[in-house]
Undergrad: 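Got a structure here, written out as C-alpha cells. Questions coming.
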Amino acid sequence: MSDQIRIVVAGNERQVAAGTTAGDLFDAPEVIAARVGETLVDLSRELADGDTVEPVEIGSVDGRAILRHSTAHVLAQAVQELYPDAKLGIGPPVENGFYYDFDVAEPFHPDDLKRIEKKMQQIVKERQAFVRRPVSDDDAAAELAGEPYKLELIGLKGGAAEAAEGASAEVGAGELTVYDNVRRGGERAWGDLCRGPHLPTTRHIPAFTLMRVAAAYWRGDEKNRQLQRIYGTAWESKDALKAYLDFLAEAEKRDHRRLGAELDLFSFPEEIGSGLAVWHPKGGVVRRVMEEYSRLRHEAAGYEFVYTPHITKETLFENSGHLHFYKDDLYPPVHVDAEHDSAGNLRRQGQDYYLKPMNCPMHTMIFNARGRSYRELPLRLFEFGMVYRYERSGVVHGLARSRGFTQDDSHIYCTPDQLADELASLLQFVLGLLRDYGLSEFRAELSTRPEKFVGEIEDWNEAEAALEAALKQAGVEYVVNEGDGAFYAPKIDVHVTDAIGRSWQLSTLQVDLQMPTRLDAEYTAADGSRQRPYMIHRALFGSIERFFGILLEHYAGAFPPWLAPVQVVGIPIADEHVPHLRDVADKLAEHGIRVEVDTSDDRMQKKIRTAQKQKVPYMLIAGDDDVAKDAVSFRYRDGTQNNGVSVADAVAEIVDAVQRRIQV
RNA sequence: GCCCGAAUAGCUCAGCUGGUCAGAGCAAUCGCCUUGUAAGCGAUAGGUCGUCGGUUCGAAUCCGACUUCGGGCUCCA
C-alpha cells in the first residue's frame, strides 16, 4: 500500500500523502467544507485515492446550508443546556435560515430567545469543534435512549426523506453518524445524531440571530404532537446578515395589510367577519382600473362576459364533485323551503344552498343552456366571479388568503384538436397581460396527475402533454411537479418574481377532463355526433384581491400613474394660486385624470409631505412665477423637480404616462 | 383546526409588580398663520382599556371563555 494517493483538486490532478484531509488542501478561511465527488464532507475528512475534491465556500449555496445547519446544532446545544429536559426533533437549514424543533414541557416565550441566543454566543466563542463519529444503529439507539424523536428517525433510516421534510439532515441512507461538540481541552460538550457535514468549529459561525418561536407538528403531520420550533438565520458575514434583516424590514414596510391601512385602500372590519374585506374608495378605484383593463383585453381576445349567482343548490356542487372533496372548506349550507305542520311534522322537504366556492359549474350551466355546435368552439366564458371559501381560522392572511374573493375566472370549451393551440395562445395571453401590470419575471410549474385522481390515465397523459407543449411554445422557464395536480386536472401555474425578489404563484391553467362529463356538457360535431368538449380553467390574477395585494407590495404602494388612486395633486404656494391650479385640474380631468387640489390650510411643505406619503405620482406646484407663465412645477415621487412647465406640456406628459401605463 | 403571542382614542404607542392610570404624538375639528419642494402655532373633541364572566374592598393591570389580529404548523379546488 502506497503512502501517496492521487486526487483531483479543483480540476487539477495532484499527488498527496495518504491521510491528507480535505482541509489540508485549501488554505482559505472562507472554505468551510469540501465536496468529494457528489458528496459534501467535513474539512477533517481524510481523502482516498482517486477522489475529486472541490472547496465549498461559506457564502455559497451549499456553504450557507452547512453554516445554518451547524448554527441549528448550536441552538439545540444551548436549549438543552438551559432546558435539560428538552427533547430534540429535527434541525435542518431552510431558505434564509434554519430551525430546530424541541419537545419541552413549557412552550418557549418570545423573551426566552434572548437567553438562548446569549448561550449560543457563548458556545460560538468557545470554538467547539464539530467532530464526526460513525456509530452502529444499536450504539446510536443506546446513546440516544433519552431522545425519543431521534430514535424514531433511526428506525426510519433510509426513509428519512419521507419521514419529514428536513429529516434527511439528521439521518441519511448510509451509516449513522453523531457529531460531537468538543471543547478545546478535548472535553465533549454536547452531541447530536447528524449526517453532517459541519463547519470545523462553532467559531466559524460569523453572524446569526434567532428570529421567532412557533409550533410545528412532529413530522409535519397534524395528527402528531406539536413541537416548539425556533427559527433563526445565519450568514457568512455581519454585512450579509444585516442585508437580510434589511430585506425583511423592507418586506414589512411593503406589507399590503400595512399599506392598505396607510393608503386607505381596504380594511377587514371585525364586525363583518374574519377574512372578509371591504374596499374603500381609493382601493376601489385602483381595483376598478385593473378590472377595466383586464375586461378590455379579454374582449379583444375573444372572451364573452357572463354573470352567475353567489349561491347555489347543493346538487350542482355534488355533481361537479367539489362538495365531496371540499365540504369542510365551504361555508355551511343555508337550509331553505322546509315546511312543517302545526304538529311539527315535516310537510315539505327543504333544500341546502351553498355559497359558491368556484364558478366553473355555473359556467358549464351556461354552456348547457342550449345545444352547442362545434362551430361555436372554442367558447370562452369570462367572469369576475366572487367566491366564498370557509378557510380554516389559522390561515386567513390579509388579501392573500381570505374567505371571500373574486376570481378573474374563465372557462374555455373546445374540441380535442383545438386544445393544444388554445393552451398555447392562452399562456401567451396570460404572460402578456401580466407584463402590462408591471410584472416581468416569470417561471412556471407543470403539475401532473396526483395519487388521488378521477378519470382515465390516457386522458391525463394527453392533457399533460398539451400543457407541456404550450410551455415550450411560450418559451417560459418551467419545472414539473409530479403528482401536484388537482384531483380533476393537470395544471400550469405561473409564478412571478416581484421587485424585491419574492416569488408569488399567480395564474393557473388547468385542463379539465372531468367536469364536462360530470355535468354532461356536449356539442354536436360536424358529422352530427354528440361529443364531449374539453374544458380549460384559466384564472389570470387568481384572486383579484390577492393580485392587488401582490401589486401593492411589488410597487411598495407607489403604483404607476395609470393605477394610482390619486394621480395628481395640485399644491398652491399660497391660497391665491388655487384658482390657477383648479384650471389645470379641470384640464386634466377632461382627460380622465384623477386629480385633487390641496386647498387645506396646511403650509405648502406640509402638503408636499402629505402627498408624498400618499405616494401620489405627480405633484403640481404653483406660485406667482408659474401663474404668470401659465405653467406648473412638477415634483415627482423621487423628489426631483421640473419647474415652470407650461400647462399644456404638463397635461400632455401626465396623460401620456397614463396611456402608456409606464411607471414613473 | 392546532401551538404561542397580542388586543388601551381613527393610526402608532406609554401606562413596572391591582389603589389620581386613562395618557402622548400623528390624524380629525375650529381658530390664527401661511410665497417655492417632506411636519407653522394654539385650542377642542375623541376611549365603559376587544367582548362576556370570575377573583378582590378595589381590575386596563390577576384568572377563564369567546372574538379578532400576528407568527408558525397543517391545509389551499
Side-chain angles (χ1 to χ4, degrees), chain A residues 99 101 106-112 164-165 211-231 252 255 257-258 261-262 264 267-275 317 320-326 328-330 356-361 387 389-398 400-402 407 409 450 485-489 491 505 508 510 512 515 537 539 542-543 546 571-577 600-614 619-627 633-637 639-644:
Chain A
Y99 65 80
D101 288 342
E106 288 290 310
F108 295 119
H109 189 273
D111 295 342
D112 296 334
E165 204 175 334
M211 308 292 293
R212 57 179 161 263
V213 50
Y217 297 107
W218 168 239
R219 293 175 59 193
D221 187 335
E222 63 181 324
K223 292 188 202 69
N224 287 343
R225 181 177 172 79
Q226 282 193 321
L227 306 182
Q228 288 290 303
R229 173 171 295 181
I230 295 177
Y231 280 95
E252 198 179 321
D255 189 309
R257 293 163 301 182
R258 169 201 279 250
E262 282 175 5
D264 195 17
S267 59
F268 292 88
E270 191 176 330
E271 294 83 344
I272 293 180
S274 177
F317 283 110
S320 72
H322 290 104
L323 205 54
H324 174 245
F325 275 84
Y326 298 112
D328 291 345
D329 304 305
L330 266 50
K356 70 169 165 183
M358 296 218 77
N359 300 299
C360 38
V387 297
R389 298 178 182 179
Y390 190 75
E391 299 284 3
R392 298 213 271 175
S393 64
V395 307
V396 293
H397 182 90
R401 193 87 180 267
S402 61
Q407 292 183 316
D409 211 358
F487 73 91
Y488 57 84
K491 59 175 182 176
Q505 182 185 323
T508 171
Q510 307 182 353
D512 190 334
M515 198 171 302
H537 300 251
S543 145
R546 177 170 171 272
I571 297 177
I573 303 255
D575 286 347
E576 64 203 73
H577 308 116
S600 69
D601 54 6
D602 288 331
R603 281 187 154 81
M604 175 209 47
Q605 288 85 345
K606 178 61 184 295
K607 292 178 180 180
I608 288 169
R609 180 180 150 88
T610 303
Q612 192 85 42
K613 283 182 66 171
Q614 287 297 305
M619 288 177 224
L620 296 183
I621 296 167
D624 285 343
D625 298 349
D626 302 287
V627 173
S633 294
F634 277 85
R635 179 188 163 99
Y636 302 96
R637 277 191 296 224
T640 57
Q641 311 177 22
N642 188 10
N643 296 335

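Letters go in sequence order (proteins before strands), and every chain restarts at 1. The shown structure was predicted, so the numbers you read here are calculated from the model rather than taken from an experiment.
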Undergrad: Check every strand shown and say whether A:Leu323 touches a base, only sugar-phosphate, or nothing at a heavy-atom separation below 4.0 Å.
TA: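 No contact.
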Undergrad: Please identify each residue that fulfils side chain to side chain contact (heavy atoms under 4.5 Å, CB included) with A:Ala215, with sequence neighbours left out.
TA: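 In terms of side chain to side chain contact (heavy atoms under 4.5 Å, CB included), with neighbours along the sequence ignored, A:Ala215 is linked to A:Gln226, A:Gln228.
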Undergrad: Starting at CD of A:Gln228 and ending at P of B:C3, how long is that distance when rounded to a whole Å?
TA: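 Distance check: A:Gln228 CD to B:C3 P gives 11 Å.
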Undergrad: Tell me: CG of A:Asp575 to P of B:U35, nearest whole Å?
TA: 10 Å
Undergrad: Where the side chain of A:Asp329 is defined as all heavy atoms beyond and including C-beta, which of B:A77, B:U74, B:C4 is the nearest nucleotide?
TA: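 That would be B:A77.
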Undergrad: Could you tell me whether the phosphate oxygens of B:G1, OP1 or OP2, come under 4.0 Å of any side-chain nitrogen or oxygen in A:Lys223?
TA: no
Undergrad: Any chance you could lay out the side-chain hydrogen bond (donor to acceptor under 3.5 Å, both in side chains) test for A:Asp624 and A:His577, step after step, and finish with the verdict?
TA: CA-CA 7 Å; A:Asp624 285 343; A:His577 308 116; 2.8 Å; yes
Undergrad: Rounded to the nearest 0.5 Å, how far does OG of A:Ser320 lie from CZ of A:Phe325?
TA: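 Reported to 0.5 Å precision, the distance equals 10.5 Å.
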Undergrad: Base, sugar-phosphate, or nothing for A:Tyr326, non-hydrogen atoms under 4.0 angstrom?
TA: base
Undergrad: With the threshold set at 4.0 Å, does a side-chain nitrogen-carboxylate oxygen contact exist between A:Arg257 and A:Asp255?
TA: yes
Undergrad: Using the C1' atoms only, state how far B:A60 lies from B:U48, rounded to an integer number of Å.
TA: 11 Å
Undergrad: Side chains of A:Lys613 and A:Glu262, heavy atoms from C-beta outward: is any pair under 4.5 Å?
TA: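 No. Closest side-chain heavy atoms not under 4.5 Å.
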Undergrad: Quote, to the nearest angstrom, the P distance that separates B:U8 from B:U51.
TA: 10 Å
Undergrad: Looking at every strand, decide which applies to A:Asn643 at a 4.0 Å heavy-atom threshold: base, sugar-phosphate, or nothing.
TA: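 Here A:Asn643 touches the bases of the nucleic acid.
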Undergrad: Round to the nearest Å and state the distance from A:Ile608 atom CD1 to B:A38 atom C1'.
TA: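 Spelled out: CD1 on A:Ile608 to C1' on B:A38 is 7 Å.
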Undergrad: Starting at atom NE2 of A:His322, determine the distance to atom C1' of B:A77, rounded to an integer number of angstrom.
TA: 5 Å
Undergrad: Classify A:His537 by what it touches in the nucleic acid, base, sugar-phosphate, or nothing, heavy-atom distance under 4.0 Å.
TA: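 It contacts nothing in the nucleic acid.
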Undergrad: Is A:Asp101 salt-bridged to A:Arg229, cutoff N-O under 4.0 Å?
TA: yes
Undergrad: Nearest-Å distance, CD1 (A:Ile272) to P (B:G50)?
TA: 21 Å
Undergrad: Return whichever of A:Asn642 or A:Lys606 has its heavy-atom-nearest nucleotide of RNA chain B closer to the 5' end.
TA: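 Checking each residue's closest nucleotide, the 5'-ward one belongs to A:Lys606.
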Undergrad: What does A:Pro357 touch in the nucleic acid at a heavy-atom separation under 4.0 angstrom: a base, only the sugar-phosphate, or nothing?
TA: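 The answer is base, as A:Pro357 lies within the cut-off (heavy atoms under 4.0 Å) of a base atom.
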Undergrad: Does A:Gln605 reach a base, just sugar-phosphate, or nothing at all? Heavy atoms under 4.0 Å.
TA: sugar-phosphate
Undergrad: When the P atoms of B:U61 and B:C16 are considered, how many whole Å apart are they?
TA: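 Result for the P pair: 11 Å, nearest Å.
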Undergrad: Quick one, give me the B/S/- string for nucleotides 62-72 of chain B, reading 5' to 3', where B means a protein heavy atom under 4.0 Å from the base and S means that only happens at the primed atoms, P, OP1 or OP2.
TA: -----BSSSBB
Undergrad: Please give, in whole Å, the distance from B:A43 P to A:Asp601 CG?
TA: 17 Å
Undergrad: For B:C52 versus B:A7, give the span between their C1' atoms, rounded off to a whole number of Å.
TA: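 Going atom to atom, C1' in each nucleotide, I get 15 Å.
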Undergrad: Name the nucleic acid region contacted by A:Ser633, choosing base, sugar-phosphate or nothing; use a 4.0 angstrom heavy-atom cut-off, strictly under.
TA: base
Undergrad: Could you tell me whether the side chain of A:Asp626 has a donor or acceptor atom within less than 3.5 Å of a complementary atom in the base of B:G36?
TA: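 Yes, the side chain and the base share a sub-3.5 Å donor-acceptor pair.
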Undergrad: Give none if B:A24 has no partner; otherwise give the nucleotide forming a Watson-Crick or G-U wobble pair with it, both distances under 3.5 Å.
TA: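 WC or wobble partner is B:U12.
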Undergrad: Tell me if the side-chain of A:Arg389 makes a donor-acceptor pair with the base of B:C75, cut-off 3.5 Å, by modelled atom types.
TA: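 No, no donor-acceptor pair under 3.5 Å.
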Undergrad: Rounded to the Å, how far apart are A:Gln612 CD and B:U37 C1'?
TA: 9 Å
Undergrad: On RNA chain B, compare the nucleotides closest to A:Asp602 and A:Arg637; which residue's is nearer the 5' end?
TA: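 Looking at the nearest nucleotide for each, A:Asp602 comes out on the 5' side.
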Undergrad: Tell me: CG of A:Leu227 to C1' of B:C2, nearest whole Å?
TA: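 My rounded result for the distance is 13 Å.
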Undergrad: Using a 4.0 Å heavy-atom cut-off across all strands, classify A:Gln510 as base, sugar-phosphate, or nothing.
TA: sugar-phosphate
Undergrad: Mark yes or no for a side-chain to base donor-acceptor pair under 3.5 Å between A:Arg392 and B:C75, with no hydrogen or angle criteria applied.
TA: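 No such pair is found, so the answer is no.
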Undergrad: Does the base of B:U35 carry an N or O that pairs as donor and acceptor with the side chain of A:Asp624 under 3.5 Å?
TA: yes
Undergrad: Return the set of residues passing side chain to side chain contact (heavy atoms under 4.5 Å, CB included) with A:Arg212 (not counting sequence neighbours), or none when no residue passes.
TA: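 A:Tyr231.
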Undergrad: With rounding to whole Å, what would you report as the distance between B:A9 and B:A22 at their C1' atoms?
TA: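 After rounding to an integer number of Å, I get 11 Å for this pair.
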Undergrad: Using the P atom in both, what is the distance from B:G19 to B:G58, to the nearest Å?
TA: 14 Å
Undergrad: Would you measure the distance from the C1' atom in B:G1 across to the matching atom in B:C13 and give it in whole Å?
TA: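 So the two C1' atoms sit 33 Å from each other.
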Undergrad: Do A:Arg635 and B:A38 have a side chain to base donor-acceptor pair shorter than 3.5 Å?
TA: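 Indeed, a donor on one side and an acceptor on the other fall under 3.5 Å apart.
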Undergrad: Is the ring of A:Tyr488 stacked on the base of B:A77, with centres less than 5.5 Å apart and planes under 30° off?
TA: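 So A:Tyr488 does not count as stacking on the base.
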Undergrad: Just name whichever nucleotide pairs with B:G42, Watson-Crick or G-U, keeping both distances under 3.5 Å, else none.
TA: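 Checking every strand shown, B:G42 finds its partner in B:C30, with both distances under 3.5 Å.
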Undergrad: Which of the following nucleotides, B:C76, B:U37, B:C4, is nearest to the side chain of A:Pro110?
TA: B:C4
Undergrad: Which is true for A:Asp625 with a 4.0 Å heavy-atom rule: it touches a base, it touches only sugar-phosphate, or it touches nothing?
TA: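 Touches a base.
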Undergrad: Return the nucleotide paired to B:G47: Watson-Crick means purine N1 to pyrimidine N3 with N6-O4 or O6-N4, wobble means G-U with N1-O2 and O6-N3, both under 3.5 Å.
TA: none
Undergrad: Quick one: does any side-chain atom of A:Thr640 pair with a main-chain N or O of A:Tyr636 as donor and acceptor, under 3.5 Å?
TA: no
Undergrad: Go through the steps for A:Gln510 and A:Asp512 under the test side-chain hydrogen bond (donor to acceptor under 3.5 Å, both in side chains), then give the verdict.
TA: CA-CA 6 Å; A:Gln510 307 182 353; A:Asp512 190 334; over 6 Å; no
Undergrad: What distance do A:Phe487 atom CZ and A:His324 atom NE2 have between them, rounded to the nearest 0.5 Å?
TA: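 Nearest 0.5 Å value for the CZ-NE2 distance: 9.0 Å.
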Undergrad: What interatomic distance, in whole Å, is found between C1' of B:U20 and the corresponding atom of B:C63?
TA: 27 Å
Undergrad: Determine the interplanar angle of the A:Phe317 and A:His322 rings, folded into 0 to 90°, and report it as parallel if under 30°, tilted if 30 to 60°, perpendicular if over 60°.
TA: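 Correct class here is perpendicular.
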Undergrad: In the strands shown, is B:A7 matched to any nucleotide by a Watson-Crick or G-U wobble pair with both distances under 3.5 Å, and which?
TA: B:U67
